[in-house]
Amino acid sequence: MTTSYYVNPAARTRRTEPLRDTPANFHRSLPGYAPTPLTELPTLADELGVGSVLVKDESARLGLPAFKILGASYAISRTLSARLGEHTALPLDVLRGRIDPAEGLRLVAATDGNHGRAVAHIARLLGIPATIHVPTVISAAAKAAIRAEGADLIELDLPYDDVVTRAEHFSGGTNLLIQDTSRDPVAPVPQWIVDGYSTLVAEVDDQLAARGIDRLDLVVVPTGVGSLAQAVVHHYRSTERAPAILLVEPDVAASVTTALAAGRIVPVTTGETVMNGLNCGTVSATAWPVLRDGADASIAVTDAQALAAVADLADLGVDSGPCGAATLAALRVIAGSAYQLPPPGLTAQSVVVLLSTESRAANPAGQQ
Ligand SMILES: Cc1ncc(COP(=O)(O)O)c(C=O)c1O
């Protein structure tokens with residue numbers, strides 16, 4: 001059962017300026033970079049009565065089981081490059097050679113799993129320490145994965161928003177905060193993280209073109225603080241394509257849907273969900289104006305809906321954790337109910353892309 005839905009018929013007419021920088025060039029310099037698959041699933045297209053459903057499969061991205069390293073790697077490079085007086089993202093091997101160990105740099109982040117692991121991973125590649133703050137409720141596997149990257153882990157029996165505040169207090173001086181959310185709408189680091197995510201949508205465009213698919217009607221985006229959604233909305237409002245963009249979040253953490261309906265950021269009290277990466281109570285201030293103006297619709301789904309989608313995608317050969325599979329859950333609600341997208345809505349010709357942002361291993365449901 002869904003608990004909330006929001007729709008903005010004016011969103012598709014919004015236009016944004018294309019990014020000036022090209023994070024994809026930086027990502028291509030990372031060891032092991034390759035575009036993640038865009039997999040067409042005709043069974044789902046038949047079920048939902050649309051032209052095609054394609055899944056952007058982020059289950060293996062640069063050696064990690066989620067998309068988040070795209071943002072973390074780019075923001076870390078921009079942060080360290082800026083300290084060296086450079087206004088671009090230097091490749092990691094160049095940075096490694098220019099970091100002075102005597103400076104005592106440390107990377108700091110708060111996370112509900114994937115972002116912190118990505119920050120810890122890049123810190124390890126750079127040979128600098130990291131301190132990652134987590135809510136105690138995230139899975140034991142997620143904590144172990146962060147520790148395995150060599151990071152110090154600080155567990156806090158607090159909701160995610162308060163964990164973010166604690167990480168902010170821990171940072172300063174040579175403790176560099178690499179956070180994917182912000183209360184400050186013009187903070188550079190969260191914006192660099194968002195810019196880093198643009199590589200994912202740029203790959204989708206290239207992959208659709210390579211398949212000869214020249215239309216894109218709907219992109220479904222799993223949403224926590226809204227930074228990934230910000231990247232997707234920004235991208236598609238700055239190109240000729242004008243797909244509808246549907247955001248999906250857990251019913252127990254419907255902060256984006258609530259904010260969009262209220263017309264302002266409204267912190268919500270969150271509960272427990274298997275969609276750990278989406279369990280956020282406050283929309284990022286960096287993302288807010290972009291989502292307010294350019295997101296077509298937002299919907300909340302239950303754990304049961306997300307877990308059914310995890311199982312169905314697994315049957316179709318796609319390894320998708322609950323956050324990623326929430327996109328299929330949302331599409332099913334939209335395609336089969338009174339919740340409508342703005343005109344022209346979904347048709348038998350529609351091309352739909354689901355952003356499956358993690359593998360099952362990244363977020364083992366129910367494992368604490
Ligand atoms: C797997 C996964 N998908 C989606 C998201 C949502 O990203 P954002 O918090 O930028 O909205 C997250 C965030 O942690 C995540 O881990």
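Remember, it's 1-based here, ligands and their atoms both numbered in the order they're listed. What's counted below: heavy atoms across the whole structure, side chains too, no hydrogens, waters or symmetry copies. Model, not experiment: these values are computed from the prediction.
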Within-shell test, [X] vs ligand 1, heavy atom, strictly < 4.0 Å:
X: Asp112; result: yes
X: Gly226; result: yes
X: Pro222; result: yes
X: Lys68; result: yes

- For ligand 1, note which part of Leu278 has a heavy atom under 4.0 Å away: side chain, backbone, both or neither. side chain
- Query: When you look for heavy atoms under 4.0 Å from ligand 1, do you find them on the side chain of Cys323, its backbone, both, or neither?
  - Reply: side chain
Suppose we measure from [atom] to each protein heavy atom; which comes out shortest, and what is that distance?
atom: atom 12 (C) of ligand 1; answer: Gly277 O, 3.5 Å
atom: atom 16 (O) of ligand 1; answer: Asn114 ND2, 2.8 Å
atom: atom 2 (C) of ligand 1; answer: Thr357 OG1, 3.4 Å

- Give a yes or no answer on whether the side chain of Thr223 reaches the backbone of Gly226 with a donor-acceptor pair at less than 3.5 Å. no
Considering only heavy atoms of [X], which atoms of ligand 1 have at least one such atom less than 4.0 Å away?
X: Ser227; answer: 8 (P), 10 (O), 11 (O)
X: Gly224; answer: 6 (C), 8 (P), 9 (O), 11 (O)
X: Glu358; answer: 1 (C)

- Begin with the C-alpha distance, continue with both residues' side-chain angles, and end with the deciding distance and a verdict on side chain to side chain contact (heavy atoms under 4.5 Å, CB included) for Val301 and Met275. CA-CA 10 Å; Val301 297; Met275 294 168 265; 4.1 Å; yes
Between [Y] and [X], do the side chains contain a donor N or O and an acceptor N or O under 3.5 Å apart?
X: Glu58; Y: Thr36; value: yes
X: Arg106; Y: Thr131; value: yes
X: Thr273; Y: Asp303; value: yes

- Message: Given Thr223, Val221, Val225, identify the one with the heavy atom nearest to atom 9 (O) of ligand 1.
- Response: Val225
- Query: If you measure from CG on Asn276 to CG on Asn114, what distance do you get to the nearest 0.5 Å?
  - Reply: 9.0 Å
- Task: Consider only side-chain heavy atoms of I, L, V, M, F, W and Y, link residues closer than 4.5 Å, and tell whether Ile245 and Leu200 are in one cluster.
- Result: yes
- Parallel under 30°, tilted from 30 to 60°, perpendicular over 60°: which one fits the rings of Tyr339 and Tyr5? tilted
- Query: Taking all atoms of both residues into account, what is the closest heavy-atom pair of Val119 and Ala109, and its distance?
  - Reply: CG2-CB, 4.1 Å
